[in-house]
Protein chains: 2
Amino acid sequence: MGRHSDRARETLLNSAEELFALHGIDAVSNRAIAERAGTANHSAVTYHFGGREGLMRALLSRGRAEMAARRAELLDAGSAPPTLREIVTGHILPWTEHLASLPVPSWRARFLYQVASVPSGAEALRESAAQSMRLEEILPGDLPELREVSPNVLSSRARILGGMVMGICASYEGQLEQGEARGTWLSVGYFLVDAAVGLLAAPVTHPTEFVTRGSPPAFPL
Amino acid sequence: MGRHSDRARETLLNSAEELFALHGIDAVSNRAIAERAGTANHSAVTYHFGGREGLMRALLSRGRAEMAARRAELLDAGSAPPTLREIVTGHILPWTEHLASLPVPSWRARFLYQVASVPSGAEALRESAAQSMRLEEILPGDLPELREVSPNVLSSRARILGGMVMGICASYEGQLEQGEARGTWLSVGYFLVDAAVGLLAAPVTHPTEFVTRGSPPAFPL
DNA sequence: ACGAGTTTACGCCAAGTGTCTTATTTTTGG
DNA sequence: CCAAAAATAAGACACTTGGCGTAAACTCGT
């Protein structure tokens with residue numbers, strides 16, 4: 001058995017993540033990924049992952065287990081019943097902590113931002129998202145901070161969070177690579193928590209019955 | 001001079017907008033755009049727009065004048081000095097009103113969401129964005145609602161707004177096409193204004209020095 | 001050290017793309 | 001109505017891509 005295969009797979013995944021993050025999913029060919037990985041085997045992606053779908057699956061599963069564990073840990077440590085801020089923190093901080101654990105430069109945030117944005121990537125995300133909880137389904141309806149927010153509005157607001165977190169993290173990751181970053185991943189996390197709480201609990205001046213769903217798919221925090 | 005050329009250009013632009021919105025910028029070839037436009041001239045995009053850049057420029061300039069005028073109109077009608085809500089309203093409502101003015105189905109919101117997300121599109125957006133004002137540069141530092149929000153945090157929060165508006169509008173536009181939409185474009189606009197005000201004015205629990213900039217480029221509201 | 005199994009290298013092909021050229025058709029101004 | 005201009009159609013070409021097949025190189029247990 002080739003134990004080397006793990007190394008080759010890792011190299012391919014890293015190359016793909018970087019190229020996808022920098023140029024977008026659809027702008028990168030399997031051949032380019034293989035070349036970036038340093039191999040002359042232009043069918044490497046097909047060989048190791050069975051094709052584009054397998055590659056995306058492998059990329060999307062990276063770090064999923066750690067983040068899920070960390071989320072459970074944070075939510076356990078909070079008060080019972082948890083406050084809105086605790087719930088939001090439990091969903092956002094595992095994410096920024098995960099990004100903080102990666103060597104600099106990293107491309108994970110920017111890659112996932114691309115995945116969530118582009119139709120071809122969103123398709124791959126759908127199956128993966130099913131394995132993760134969505135914040136909109138987790139928020140209890142009886143939180144005191146959200147008493148004035150109707151379920152429709154709350155659900156629609158929760159949909160915004162994924163894109164918000166992804167976008168800010170992608171931006172910060174880019175700054176980190178350029179050496180222009182101020183602050184830390186943890187400060188980014190708290191910034192996002194503040195913003196998310198303000199967003200979710202904002203006063204409703206115009207009640208509305210519209211509800212967002214479908215594309216773009218909310219990124220599963 | 002071919003007066004027909006205007007019609008051909010319009011058809012090409014509509015085809016491109018639709019295909020870009022549904023499949024993403026990088027997943028659509030110039031040939032596919034020409035075919036969708038009903039012409040057998042597979043070089044139509046090059047002939048009428050000089051290439052991909054010209055096509056993107058033409059697409060991005062659509063509706064810009066109307067929206068700018070409407071924005072000025074709304075901001076003029078508000079109180080002096082304007083409140084935070086008035087400023088935000090003046091930047092968001094022209095946008096939802098513009099979308100409301102398009103026939104159903106439309107693809108503009110989804111197209112622009114793609115442009116703002118994908119690197120290749122973001123590049124095209126940069127020059128266009130320079131012609132539009134950015135909300136982060138418009139927000140006065142002395143608004144009473146934002147007294148507790150430091151400039152760094154405020155600037156970073158303002159960056160979120162573009163993606164938020166684009167994402168929600170893209171989602172609603174899709175629902176509209178599917179016949180699943182509840183509410184109106186106007187209600188979407190007020191929903192976004194509420195969310196934006198809550199986001200910008202949210203209490204800051206952890207002061208931070210990080211500032212977002214660079215990619216993803218904030219969509220110029 | 002050897003041979004089976006795994007990984008890599010690389011050639012080949014059909015399909016698709018952008019660009020450039022050349023007819024052919026359509027439109028316009030006189 | 002007619003010629004000039006513009007628009008469309010369609011061919012040629014170089015290039016890239018994904019998929020497939022085969023040969024070489026490598027790894028590992030024995």
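In what follows, every chain begins at residue 1, and chains take the letters A, B, ... in the order their sequences are listed. Since the model is a prediction, treat every value here as computed from it, not as a measurement.
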Grab the two heavy atoms, one from B:S15 and one from B:I33, that are nearest each other, plus how far apart they are. CB-O, 3.7 Å
Looking at B:I25 and B:F111, what are the two nearest heavy atoms and their distance? CD1-CE1, 3.9 Å
Rounded to whole angstroms, how far apart are CZ on B:R7 and P on C:dT28? 11 Å
Between A:S171 and B:T212, is there a side-chain donor-acceptor contact under 3.5 Å, judged purely by atom types and distance? no
With respect to B:R108, which candidate in B:E18, B:E177, B:E17 satisfies the salt bridge (Lys or Arg N to Asp or Glu O under 4.0 Å) definition? B:E17
Could you list, one pair per line, each protein nitrogen or oxygen that sits under 3.5 Å from a nitrogen or oxygen of nucleotides 20-25 of chain C, together with the distance?
from: C:dC20; atom 1: N4; to: B:S43; atom 2: OG; distance (Å): 3.1

Can you see which heavy atom on B:A27 is nearest to which on A:D26, and at what distance? CB-OD2, 3.7 Å
Would you mind reporting whether A:L93 and A:Y190 have side-chain heavy atoms less than 4.5 Å apart? yes
With side-chain hydrogen bond (donor to acceptor under 3.5 Å, both in side chains) as the test, would you mind laying out the steps for A:R31 and A:N41 before giving the verdict? CA-CA 8 Å; A:R31 282 172 118 103; A:N41 175 15; over 6 Å; no
Judged by modelled atom types alone, do A:R157 and A:N152 share a side-chain donor-acceptor pair under 3.5 Å? no
Ignoring hydrogens and angles, state whether a donor on the side chain of A:E173 or A:S106 is under 3.5 Å from an acceptor on the partner side chain. yes
Where along residues 47-59 of chain B does a heavy atom come under 4.0 Å from DNA chain D, residue by residue in number order? B:Y47, B:H48
Under a 4.0 Å heavy-atom cutoff, the residues of residues 11-41 of chain A touching DNA chain D are A:S29, A:N30, A:R31
Residues A:P94 and A:M67: closest non-hydrogen pair is CB-O, 3.8 Å
